Amino acid sequence: MRLLRFAGVVFIFITAFQFVNMRYFGGAIFSLSSQDKFPVPIDGSTESVRPLYGPEKMDVTSSTSANVAARERTGLEEDRVTGSDRNVTTIQSHDSFIEDAKDKDLLLGTGSSSNVSYENIVEDVDIVSENNRNVETLESKSDASVDNLSPDVKRLMNVSNSGVVSITEMMNLLRQSRISHVSLKPKRSSAVDQELLYARTQIENAPMIENDPLLHGPLYWNLSMFKRSYELMEKKLRVYIYREGKRPVLHKPVLKGIYASEGWFMKQLKSSRTFVTKNPRKAHLFYLPFSSKMLEETLYVPGSHSDKNLIEFLKNYLDMISSKYSFWNKTGGSDHFLVACHDWAPSETRQYMANCIRALCNSDVSEGFVFGKDVALPETTILVPRRPLRALGGKPYSQRQILAFFAGGMHGYLRPLLLQHWGSNRDPDMKIFSEIPKSKGKNSYMEYMKSSKYCICPKGHEVNSPRVVEALFYECVPVIISDNFVPPFFEVLNWESFAVFVLEKDIPDLKNILLSITEERYREMQRRVKMVQKHFLWHSKPERFDIFHMILHSIWYNRVFQT
């Protein structure tokens, strides 16, 4: 009887406690361990407050997390391969992965026709085999509103009602970030810290350069600072590469396809005798050598519509690194960096790698890109790794008879709009296609780019596209139609000196915008395209000022200005 009475009292106590918890605290008391939050009354309200330890947890089913899969999982977003008809399942997400739209054909290659790039893409067996798989696309609802901009942007500036951040405003953000950004520094200043401080002083007080035989001044925000910074990088920079981690996610560079930038960088950095050190105490930077492409390829569960296990893998990797070494914990990861080109990379890394310098192809202001810390990585298509510079160059100005050219898959909301206004040969000056026949002649994708004055580079599902670099590769002035896209090497390159930026809302007026550019102005821009081209070329062995060195420089530059 005593036992029964005691059990009854306990039951009544638990019931009363649970009622109070649910009625007045919304269940928060029982959920502390799972949410890592606790309620603090502020002015009579209950407000969630982050704990002082560990990274903030992320809801992987939210609309912002869902953006990780905006293009096709295969890495072949850009509709470049001949193949058979495919049914591709598209899951559109808004707040969660809930709206299922089936049997949407997102690939251009049907039957014997294809949207062709280069001379003979079907020789690339690996890419063709990838394209033949059935894949799922997690497509998020696009929103260009101010509310969708990253907190860093809204904190540092008052953006326009359109939610679009112009190149000028981006530059202001970069300048302000130099002033306001504070990285976690060790308690004691080390020799490495002193070297970084010395480098920053040298860069800020760089001697004025008016003419340089290798670098054309108007291409850069500040040629003097860039050249001094680059020279210091060559002399001073040391990078430690973690050896831990198993293939294929870590230490396996992918050298083909549209995500090749991350693989080529990994391969060339590992081979470097100039920048790599085996002594981590001498390192200015620590490289996390994982491939975002192989992370998705290896760990994504088909049909799961979730990146949770990919994020968990990165967390476990960091736990291993931080438990074995002290370097991560000393700076909170602010002297560590990653190079990732897959569209999902921003979402996969913004939780546990938030403090790292992130070199991202998907450099979207509204997706949390942090000016002064993150780096805009060029997205480059490599078809034949043994010949990365195959077909480089384009026709001279006098032989470029086409005003503007675009061909590509109708991914996202913007490209169908472009096709609606300018496709179907509505205007002989505007060659805008959804697909073009496979051909090695004058009507091939490559020949169109080589023969056009302007190459249209519209966003797909995400802001980035390999067409931006392709335009430079074929000496065609790029026309970037992608609001809030941070162009590659933005820290040093003045993109408006050699490229045209058109707001998405101005697509109906595209031709008038291009025709308003004087012939003299166009010829100068095209001349500058040829000059800046060297910064976007992969060489079998890295050369000064090439894309490998420029990626590394942007990372170094941001690290220096964090001190």
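What you are looking at is a predicted structure, and each value in this text was computed from that prediction instead of being measured. One is the number of the first residue; the rest follow in order along the sequence. What's counted below: heavy atoms across the whole structure, side chains too, no hydrogens, waters or symmetry copies.
For Arg521, the CZ atom counts as densely surrounded, since its 6.0 Å shell holds more than 12 non-hydrogen atoms of other residues, nucleotides or ligands. Lys252 NZ: 12 or fewer foreign heavy atoms inside a 6.0 Å radius. By the 6.0 Å contact criterion, NZ on Lys282 is open, its count of non-hydrogen atoms from other residues, nucleotides or ligands being 12 or less.
Panel note: side chain Asp546, backbone Pro542; no donor-acceptor pair is recorded below 3.5 Å. Counting only distance, with no hydrogens or angles, the side chain of Ser363 and the backbone of Val486 share a donor-acceptor pair below 3.5 Å. Judged by distance alone, the side chain of Ser271 and the main-chain N or O of Gln268 form no donor-acceptor pair under 3.5 Å. For Ser272 (side chain) and Leu269 (main-chain N/O), no donor-acceptor pair under 3.5 Å exists by modelled atom type. A distance-only check finds no donor-acceptor pair linking the side chain of Asp509 to the backbone of Asp506 [under 3.5 Å]. Checked by atom type and distance alone, the side chain of Thr349 pairs as donor or acceptor with a backbone atom of Ala345 at under 3.5 Å. Under the 3.5 Å distance criterion, the side-chain polar atoms of Asp307 are left unmatched by any main-chain donor or acceptor of Leu310. Checked by atom type and distance alone, the side chain of Lys450 pairs as donor or acceptor with a backbone atom of Ala391 at under 3.5 Å. A donor-acceptor pair under 3.5 Å links the side-chain atoms of Thr277 to the main chain of Asn279, judged by distance alone. Not one N or O on the side chain of Arg523 forms a donor-acceptor pair closer than 3.5 Å with the backbone of Tyr397.
Here the side chains of Trp264 and Phe548 are not in contact, with every heavy-atom distance at 4.5 Å or above. A heavy-atom distance below 4.5 Å is not found between the side chains of Met449 and Phe473. Side-chain contact between Asp343 and Asn464 is present, with heavy atoms from C-beta onward closer than 4.5 Å. Side chains of Tyr454 and Tyr522 form a contact here, defined as non-hydrogen atoms less than 4.5 Å apart. Residues Phe489 and Phe536 have side chains in contact (heavy-atom distance under 4.5 Å, counting atoms from C-beta outward). Between Arg467 and Pro478 the shortest side-chain heavy-atom distance does not fall below 4.5 Å. The closest side-chain heavy-atom distance from Lys459 to Glu504 is below 4.5 Å. At a threshold of 4.5 Å between non-hydrogen side-chain atoms, the residues Leu314 and Glu348 count as touching.
To the nearest 0.5 Å, the span separating CG on Asp483 from OG on Ser166 amounts to 10.5 Å. Rounded to the nearest 0.5 Å, atoms OG (Ser224) and CE (Met208) are 5.0 Å apart. Taking NE2 from His251 and CE from Met294, the interatomic distance works out to 13.5 Å, rounded to the nearest 0.5 Å. The CZ atom of Phe561 sits 11.5 Å away from the CG atom of Leu196 when rounded to the nearest 0.5 Å. Rounded to the nearest 0.5 angstrom, Arg559 CZ and Thr331 OG1 are separated by 6.5 Å. Here the straight-line distance linking atom CZ of Phe406 with atom CD1 of Ile481 works out to 9.0 Å at 0.5 Å rounding.
The shortest non-hydrogen separation linking Leu219 to Met531 is CD1-CB, 3.8 Å. For Tyr259 against His342, the heavy-atom pair with the smallest separation is CE1-CD2, 3.4 Å. Here the closest non-hydrogen pair linking Ser261 and Cys341 is CB-SG, 4.5 Å. Across every non-hydrogen atom of Phe545 and Tyr230, the tightest pair is N-OH, 2.7 Å. Taking both residues in full, the closest heavy atoms of Val192 and Ala283 are given as CG1-O, 3.5 Å, listed atom of the first, atom of the second, then distance. Of all the heavy atoms in Ala340 and Leu377, the pair that sits closest is O-CD2, 3.8 Å.
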Donor-acceptor pairs under 3.5 angstrom involving side-chain atoms of residues 231-241: please list them, not counting sequence neighbours.
from: Glu234; atom 1: OE1; to: Arg544; atom 2: NH2; distance (Å): 3.0
from: Glu234; atom 1: OE2; to: Arg544; atom 2: NE; distance (Å): 2.9
from: Arg238; atom 1: NH1; to: Thr274; atom 2: O; distance (Å): 3.2

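Between His553 and Tyr557, a ring centre-to-centre spacing shorter than 6.0 Å is recorded. Between Phe501 and Phe485, the gap from one ring centroid to the other reaches at least 6.0 Å. The six-membered or imidazole ring of Phe313 lies away from that of Tyr317, with a centre-to-centre distance of 6.0 Å or more. Between Phe337 and Phe286, the distance from one ring center to the other does not fall under 6.0 angstrom. A centroid separation of less than 6.0 Å is found between the aromatic rings of Phe498 and Trp495.
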Go through it in stages, so that I can follow the logic: the residues are Leu214 and Lys534, the test is side chain to side chain contact (heavy atoms under 4.5 Å, CB included), and I'd like the CA-CA distance, side-chain angles, deciding distance and then a yes or no.
CA-CA 10 Å; Leu214 298 176; Lys534 62 184 172 187; 4.2 Å; yes
Might you work through the side chain to side chain contact (heavy atoms under 4.5 Å, CB included) test for Leu250 and Leu288, ending with a clear yes or no?
CA-CA 9 Å; Leu250 290 111; Leu288 302 170; over 6 Å; no
Should His336 and Leu285 be marked as a side chain to side chain contact (heavy atoms under 4.5 Å, CB included) after you check the CA-CA gap, both sets of side-chain angles, and the distance that decides it?
CA-CA 6 Å; His336 288 57; Leu285 287 162; over 6 Å; no
Apply side chain to side chain contact (heavy atoms under 4.5 Å, CB included) to residues Val249 and Ser291 and explain how you reach the verdict.
CA-CA 6 Å; Val249 177; Ser291 164; over 6 Å; no
Evaluate ring-ring contact (aromatic ring centres under 6.0 Å, His included) for Tyr242 paired with Tyr287, printing each intermediate quantity in order.
CA-CA 7 Å; Tyr242 287 110; Tyr287 176 44; 9.4 Å; no
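Under the 4.0 Å criterion applied to side-chain N and carboxylate O atoms, Lys324 and Glu244 are assigned as salt-bridge partners. Classification of Lys227 and Asp212 as a salt-bridged pair holds, one side-chain N sitting under 4.0 Å from a carboxylate O. Ionic pairing of Glu524 and Arg527 is present here: one or more N-O contacts between side-chain nitrogen and carboxylate oxygen are shorter than 4.0 angstrom.
Looking only at atom types and distance, the side chain of Ser326 has no donor-acceptor partner in the side chain of Asn329 under 3.5 Å away. A donor atom on one side chain and an acceptor atom on the other are not found under 3.5 Å apart for Glu379 and Ser465.
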